[in-house]
Amino acid sequence: MTYPDSSQPSDFIRAIISEDLRTNKNDGRLVTRFPPEPNGYLHIGHAKSIFLNFGVASEYKGGICNLRFDDTNPSKEDVKYVESIKEDVRWLGFDWNDRLFYASDYFDTLYDYAVELIKKGKAYVDSLNAEEIRAYRGTLTEPGKNSPWRDRSVEENLKLFERMRAGEFDEGAHVLRTKIDMAAPNINMRDPALYRILKVPHHRTGDKWHIYPMYDFTHCLSDSIEGVTHSLCTLEFQDHRPLYDWVLDELGIQNHPQQIEFARLNISYTVMSKRMLHKLVDRGDVSGWNDPRMPTLQGLRRRGYTAKSIRNFCNRIGVAKRDAVVDMALLEHSVREDLNQHAPRVMAVLHPLRLIIENYPENQVEELDAANHPNDETMGTRKILFSRVLYVDQDDFRETPPKKFYRLTPGHEVRLRYAYLITCVGVVKDEQTGQIIELRCTYDPATRGGSSPDGRKVKATIHWVSATHSLPAEVRLYDHLFATSNPNAVESGKDFISNLNPASLKTLRDARVELSLKDAVPGTRYQFERHAYFCVDQVDSSDDALVFNRTVALRDTWAKVQQIQTKSEDK
RNA sequence: UGGGGGAUCGUCUAAUGGCAGGACGGCAGACUCUGACUCUGUCUAUCAAGGUUCGAAUCCUUGUCCCCCAGCCA
């Protein structure tokens, strides 16, 4: 999974690391870490971080990347998330080997460090309540003021902190804070909290603790304990870096990792915040965290995205410090690129239109050869069955064709893929509605397999299935979750929900797929020729009821031509 | 209006004083038993104004715009 050096996008983080390695900083060690909080499912934004941290480590000799769960807030966390996160990281193709850690493993050490800070007069137990602390903190433009409890003696602080640990106080009664500077222009330095009382059992430490350390205290020390050299995080932690450094410096910690911040990933037509994703799940706008429209790794996987395509995507978007919104088209390109190469082709009719070959013998059935991949012979061929009654897609016929319409139309000849050249000789309509319900065609027996011995050309080749030799299937057509490229751009009074795309899922229940799909295994990806890439749904598909998810449509030049045509008609 | 960051094609990203490059996207064409794939050509950018310099995306000055921070979340 190494990406070639020549095309390796250079980024400022790799530049820093290369320089550090060159100057033998950290004795030439390189250790990064991916530090998820087990309070939700991973999304593609996390994939960027995983790809960066594990990627960077793998590019340098001896580089290591730890998987560490930042599990310091048991009120929000759960083991189920731990398991799903591990599964997702593995699925993405990364291996932490024996480097699996939990911040909760360090709770004893962390407690000792906190005691040390108290003894040094750098931390104190504050008995203000949350509201008071907020009031004392000041504002962005005004300095805060010292808590009346700030000057408690070391002994008293020690005693109170010990009693906090023992569970003698209610939640919120006290909090351990650093003693830095209530007038600091950086609000994060105004005596930030180190420990809070939380009478909640922890998914790993059970009910051993009644106090839990805060992120700012835990993260830097965990990094240091694990020998991390480069602690990569997102931009919003820039303001926390002075605190990260302060804790390590005050404690005289030898291994002092360097925190480096980069911009988080945003993608057009979707949202990436856990809060928003949560809301979509709670409201039922999607079927769950693994809904194929979700940008979660579970959702993308179910949609049919390959791990490789996501890695390639991460490689392409690069790493920088400026806020950015990556075009969804790039993600889609990445998966098409991979699927084009590896997905076997099959034929499926999504909106069936009956087609009768009038001059084809009534009960005859022929086996025809079809290539599983037109550009890769090693993928072999399969047999497809041809008969007198077929289905083709409604989009492939027009009684009165617009300009540049090459497909089936009365009197014109087209090729049925891998089968015969046919000509439309008649149209059967519903007498009531006028809707076309059947096409009458003739075929040229000399063109078996789709060849034309006399060298005559047809403009189009269309796909088909035999009516009796095909399977019913449910097909789910997915599109962008949001109708607008920036879901956060809303009129006042509305929120991102108002930008949901009402057409993000269209379910087709009358689709017909070729017989070879009979035992299609959930999770398998195919290209339905001339339509899109599809993945057998891993949740709802069964032997009796096939369900396919559209991963991404094929590029469709004809659709563009049509759009332009309808636009000019409107004028 | 405190503090911390950031501004390069439509989008993402390179170029660390020396030809503004790549990818996606768009457009045009070639090819084609997928209007796919592939191939060819093409389009578009240094936030602004000054300055330093033989030479500035890069250095300096001034300004503009955008993002983040007032959890006992991470």
Side-chain angles (χ1 to χ4, degrees), chain A residues 7 9-11 15 35-37 39 70 72-73 75-77 126 128-130 133-135 137-144 171-177 184-190 192-198 211-212 214-216 218-219 233-242 261 263 268 274 315-334 336-337 340-341 345 347 370-371 373-375 404-407 414-419 421 449-452 458-463 485 527-532 553-561:
Chain A
S7 68
S10 57
D11 59 65
E37 183 190 11
N39 71 343
D70 227 336
T72 59
N73 186 355
S75 65
K76 291 185 176 176
E77 297 155 7
D126 195 355
L128 253 29
N129 64 36
I133 285 182
R134 194 184 320 129
R137 187 154 31 228
T139 68
L140 293 177
T141 50
E142 297 160 313
E171 286 188 12
H174 306 284
V175 58
L176 184 73
R177 301 178 72 178
N186 179 350
I187 285 187
N188 294 296
M189 298 300 269
R190 319 238 261 231
L194 258 24
Y195 270 88
R196 76 289 216 190
I197 298 168
L198 237 41
I211 55 172
Y212 292 93
M214 302 288 292
Y215 166 85
D216 286 307
T218 310
H219 206 86
C233 62
T234 42
L235 252 29
E236 68 270 26
F237 290 101
Q238 285 176 127
D239 287 347
H240 294 245
R241 185 168 6 103
E261 310 85 11
S268 57
K274 265 183 202 173
N315 192 46
R316 283 189 174 105
I317 57 175
V319 181
K321 293 194 79 141
R322 74 186 84 106
D323 296 305
V325 182
V326 175
D327 196 334
M328 177 64 89
L330 185 59
L331 215 212
E332 294 178 340
H333 165 80
S334 298
R336 275 196 200 101
E337 179 186 47
N340 174 49
Q341 213 176 123
R345 317 282 130 126
M347 291 200 282
H373 196 299
N375 310 80
K404 293 191 179 173
F405 184 89
Y406 306 146
R407 284 111 98 143
V414 299
R415 172 166 34 237
L416 292 177
R417 184 123 161 107
Y418 298 125
L421 265 41
S451 60
S452 50
V458 288
K459 277 285 229 181
T461 299
I462 65 176
H463 60 274
S485 78
Q527 184 196 103
F528 289 2
E529 289 202 72
R530 305 209 307 128
H531 278 301
L554 259 28
R555 282 185 54 200
D556 189 350
T557 311
W558 170 239
K560 285 179 194 168
V561 173

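Here is how names work: the chains are called A, B, and so on, in the same order as the sequence lines, proteins then strands, and each is numbered from 1.
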message: Applying a 4.0 Å non-hydrogen cut-off, can you work out what A:I211 is touching in the nucleic acid: base, sugar-phosphate, or nothing?
response: nothing

Taking the same atom, C1', in B:A30 and in B:A23, what whole-Å distance lies between them?
23 Å

Between the side chains of A:H219 and A:H240, is a donor N or O closer than 3.5 angstrom to an acceptor N or O? no

For A:A553 and A:A532, the nearest pair of non-hydrogen atoms, with its separation, is CA-CB, 3.4 Å

Tightest non-hydrogen contact, residues A:Q341 and A:H373, listed as O-NE2, 3.5 Å

Nearest heavy-atom contact between A:L421 and A:G450 is CD1-O, 4.0 Å

Original post:
On a whole-Å scale, what distance lies between the C1' atoms belonging to B:A70 and B:U58?
Top reply: 36 Å

With sugar-phosphate taken as primed atoms, P, OP1 and OP2 and all else as base, the protein-contact string of nucleotides 64-70 of chain B at under 4.0 Å (heavy atoms; B, S, -) is ---SBBB

Syn within 90° of 0, anti beyond: B:G71 is syn

Output for pair (A:R415 CZ, A:I462 CD1), nearest 0.5 Å, gives 11.0 Å

Note: A:D70 and A:E37 closest approach over all heavy atoms is O-CG, 3.4 Å

Which part of the nucleic acid, if any, lies within contact of A:F528, taking any heavy atom under 4.0 Å across all strands shown: a base, the sugar-phosphate backbone alone, or nothing?
-> nothing

note: A:H219, atom NE2; B:G71, atom P; distance rounded to Å ~ 21 Å

request  = Using the six-membered ring for Trp and the full ring for Phe, Tyr or His, decide whether A:Y215 stacks on the six-membered base ring of B:A74 (centres under 5.5 Å, planes under 30°).
outcome  = no

Note: A:R190 and A:R137 closest approach over all heavy atoms is NE-O, 3.0 Å

When rounded to whole Å, the CG to P distance for the pair A:L194 and B:A74 reads 12 Å

Looking only at heavy atoms, the pair that brings A:I211 and A:Y195 closest together is CD1-CD2, 3.8 Å

What's the gap between B:C43 and B:G55 when it is taken at their P atoms, as a whole Å value? 29 Å

Below the 4.0 Å mark, does B:C37 have OP1 or OP2 next to a side-chain nitrogen or oxygen of A:R345? no

Whole-Å distance, A:Y212 OH to B:A74 P, equals 12 Å

A:K321 NZ to B:U13 C1', in whole Å, measures 16 Å

Rounding to 0.5 Å, atoms CG (A:N340) and CD (A:Q527) come to a distance of 7.0 Å

note: A:E142, atom CD; B:G3, atom C1'; distance rounded to Å ~ 14 Å

If you look at every strand shown and take non-hydrogen atoms under 4.0 Å, does A:A130 touch a base, only sugar-phosphate, or nothing?
base

### Task
Take atom P in B:U8 and the same atom in B:A45, then report the distance between them in whole Å.
14 Å

task: Classify the nucleic acid contact of A:D216 as base, sugar-phosphate or nothing, counting any heavy atom under 4.0 Å across all strands shown.
output: nothing

> Using atom C1' of each nucleotide, how far apart are B:G2 and B:C73 to the nearest Å?
Replying inline: 24 Å

Could you measure between the two P atoms, the one in B:A48 and the one in B:A57, and give it in whole Å? 11 Å

- Query: Has A:T141 got a side-chain N or O lying under 4.0 Å from the OP1 or OP2 atom of B:G3?
  - Reply: no

From the candidates B:A14, B:A74, B:G35, the one with an atom nearest any side-chain atom of A:D70 is B:A74

Q. Is A:T72 near enough to B:A74 that one of its side-chain N or O atoms lies under 4.0 angstrom from OP1 or OP2?
A. yes

d(A:T461 OG1, A:Y418 OH) to nearest 0.5 Å is 10.0 Å

Inset, instruction - Look at the aromatic rings of A:F237 and A:Y215 and report parallel, tilted or perpendicular, splitting at 30° and 60°. - result: tilted

Distance col, row A:D216:CG vs A:D239:CG, nearest 0.5 angstrom, shows 10.5 Å

Whichever of A:I197 and A:G450 has the more 5' nearest nucleotide on RNA chain B, that residue is A:G450

Atom CD of A:Q238 and atom C1' of B:G5 are separated, to the nearest Å, by 4 Å

- [ ] Look at all strands and tell whether A:E529 reaches a base, only sugar-phosphate, or nothing, counting heavy atoms closer than 4.0 Å.
- [x] base

Those stems involving RNA chain B that have three or more consecutive Watson-Crick or G-U pairs, both distances under 3.5 Å, are B:2-7 with B:64-69, B:10-13 with B:21-24, B:25-30 with B:38-43, B:47-51 with B:59-63

Checklist entry - So what does A:R177 touch, heavy atoms closer than 4.0 Å: a base, only the sugar-phosphate, or nothing? => result nothing

query = Roughly how far apart, to the nearest Å, are B:U46 and B:C65 at atom C1'?
reply = 16 Å

Could you tell me whether A:V458 contacts a base, only the sugar-phosphate backbone, or nothing, with contacts defined as non-hydrogen atoms closer than 4.0 Å? nothing

Between A:A320 and A:Q527, whichever has its closest RNA chain B nucleotide further toward 5' is A:A320

Quiz item: How far, in whole Å, is B:G71 from B:U62 if one measures between their C1' atoms?
Solution: 39 Å

| query | With a 4.0 Å cut-off on heavy atoms, is A:N73 in touch with a base, just the backbone sugar-phosphate, or nothing at all? | reply | sugar-phosphate

CA sep, side-chain torsions, deciding dist, call: A:H463, A:R345, side chain to side chain contact (heavy atoms under 4.5 Å, CB included):
CA-CA 11 Å; A:H463 60 274; A:R345 317 282 130 126; over 6 Å; no

Separation between CG (A:D327) and CD1 (A:I317), nearest 0.5 Å, reads 12.5 Å

Identify whether any heavy atom of A:P36 sits under 4.0 Å from a base atom; if not, whether one sits that close to sugar-phosphate; answer base, sugar-phosphate or nothing.
nothing

Next item on the list: Check every strand shown and say whether A:I462 touches a base, only sugar-phosphate, or nothing at a heavy-atom separation below 4.0 Å.
Entry: nothing

**Prompt:** For A:M189, which contact category applies under a 4.0 Å heavy-atom criterion: base, sugar-phosphate, or nothing?
**Reply:** nothing

| request: Mind checking A:V319 for me? I need base, sugar-phosphate or nothing, with any heavy atom below 4.0 Å counting as a touch. | output: sugar-phosphate

In whole angstroms, the gap separating P of B:A36 from CZ of A:R530 amounts to 11 Å

Contact string for nucleotides 22-32 of chain B, one letter per nucleotide 5' to 3', B = base within protein heavy-atom range under 4.0 Å, S = sugar-phosphate only, - = neither, reads -SSSSS-----

Value for NE2 (A:H531) from CG (A:L554), rounded to nearest 0.5 Å, stands at 9.5 Å

Rounded to whole Å, CZ of A:R190 lies from P of B:C72 at a distance of 13 Å

